[in-house]
Amino acid sequence: MYDAIVVGGRCAGAAVGTHLVRRGLRVLVVDRARFPSDVLSTHFVWPHGVSYLNRLGVLDEVLAVTPSHEQVNVVNEGVALRGGVPEELLRNQFRALHGDDDGITTQYLSVRRHILDKILIDNAVRAGVEFREGCTVKELVTDPDGTVVGITDRDGNTERARVVVGADGRNSFVARALGVAKFDERPRCTFAYWSYFDGIPVGEAQIHRRGRLGMAVAPTNHGQTMVLTWGPSEWAADFRADVEGNFHRALRLVSDEVADTVAAATRQERFYGTLDQAAYLRELHGPGWVLVGDAESFKDQCTALGITHAFRDAELAAEAIAAWLGGVDRETAMAGYAAKRRGQNAAAYYDYVCTLAEMKPLRHDEVQLFSILRGNQGEIDRFIATHVDVAPVSEFFDPSNVFLLNDTARETSDRHAVFDDFEATYLASHTNPFARTEAEAAR
Ligand SMILES: Cc1cc2nc3c(=O)[nH]c(=O)nc-3n(C[C@H](O)[C@H](O)[C@H](O)COP(=O)(O)OP(=O)(O)OC[C@H]3O[C@@H](n4cnc5c(N)ncnc54)[C@H](O)[C@@H]3O)c2cc1C
């Protein structure tokens, strides 16, 4: 009999397992995969995610094989903003969520999942987790009243526990077996294609947006650079018809400079891609069960936050589960966790990402906002913090702040070239650049 069985052993599962054994609980983690192995992900980690790696005790191990940097470049319609999440805002967030700010770091990194997930699960095992890989859960064991009390794997082995944690990803078996429905689903999302290149001298991550297309470039493991492009799902089928050609076409449409650099580099792996990043939420817990990570909620990765949020939720959930198993009734024990996960900021940020994921062309006033931020480092940093859910969306985009920014910019900002021909740029960005003729599409 275990205190907890965790189904899924990657970002959410390995982290929740580690936090639970650190609280003195007996934990079994199972995963149908064998490690090291990859999952579909572009694996960029923002400073709060890197701070969680530090809190888990694996940051040095990750940094030994992964390049890191202290700033990012965010370029919207050619308006370049370079900055980083302010340490003070990070500390505030960790204190509000976890009651302390231990392990805070302002580094950024992009770590391949076959590396990260192996480090995480080995760390969990060192902490005291029992781990079974290659173990597919095929049934949940329940009491007559419906309370979950264990799992049965594909080979017919049954294990029992006081709580079963579903950390088994977007297609969560645990959620499906329990009939936990998705809600607030947002089907409009981006398609994304990426690969890995040698010979790109890039020290910091760059994130670009032009028209309805996005592009990111980030240094990663093995001396390689990950290059990613994305766009609205309405264009996905046309893009997919010629992935390599359209990948380079998209880069060219977003930035000549990056397109030239990538064209001169050597691709080391095949293209990876996804057409489905539809967002959803699910209930967090019920009798004998808790969901964490993508099993509980997912949103488009245009802000690259799934890993970071999985670490955050694993730590929050472990604290609540420990209280519950320590004798506090489930609703009370989970209430604080639920408030942090489903509070006003969480709802506003979910909506922010889902709206971005529609990849509508940036409006004139939005580009203006980016333009007036130039030269105002404090506000650039606050914008980046807002974009990645460290500062509340409601504060940065509050009209009083936007008016303030405009006032300051009146004295400091010059007009950006993007406004010289904004109408043509805006109209052109509505046209699908990957469109095929009817005959091509039918072939
Ligand atoms: C295209 C794309 C790009 C992304 N880019 C980023 C990014 O740049 N940065 C970022 O932070 N996030 C990114 N994400 C999101 C991130 O990958 C996920 O949020 C993260 O992997 C969630 O971790 P998880 O542990 O919840 O689930 P997963 O990583 O999906 O792990 C779930 C595990 O459960 C196991 N499992 C499933 N069913 C069973 C079963 N029945 N029995 C046993 N085991 C089972 C699976 O084998 C798997 O190992 C991206 C996602 C996508 C789709």
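Order of appearance sets the numbers: ligands from 1, and atoms from 1 within every ligand.
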Please list, one pair per line, the donor and acceptor atoms closer than 3.5 Å that link side chains of residues 9-19 to other protein atoms, with sequence neighbours excluded.
{"residue": "R10", "atom": "NH1", "partner": "S37", "partner atom": "O", "Å": "3.0"}
{"residue": "R10", "atom": "NH1", "partner": "D117", "partner atom": "OD2", "Å": "2.9"}
{"residue": "R10", "atom": "NH2", "partner": "S37", "partner atom": "OG", "Å": "2.7"}
{"residue": "T18", "atom": "OG1", "partner": "A14", "partner atom": "O", "Å": "2.7"}

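The ring-ring contact (aromatic ring centres under 6.0 Å, His included) pairs that include a residue from residues 274-326 number zero, where partners must be two or more places apart or lie in different chains.
Protein residues are said to neighbour a ligand when one of their heavy atoms lies under 4.0 Å from it; for ligand 1 these are V7, G8, R10, C11, A12, D31, R32, A33, L40, S41, T42, H43, F44, R113, C135, T136, V137, A167, D168, G169, R170, F173, W194, T274, G293, D294, Q301, A304, L305, G306, I307, T308.
Side chains of V7 and V165 form no contact here, defined as non-hydrogen atoms less than 4.5 Å apart.
Residues passing the side-chain contact (heavy atoms from CB on, under 4.5 Å) test with V75 are A80, H208, sequence neighbours excluded.
A cation-pi arrangement, defined by a distance under 6.0 Å to the six-membered ring centre and an angle within 45 degrees of its axis, is present between R26 and Y2.
Heavy-atom neighbours of E257 CD from other residues, nucleotides or ligands within 6.0 Å: at or below the threshold of 12.
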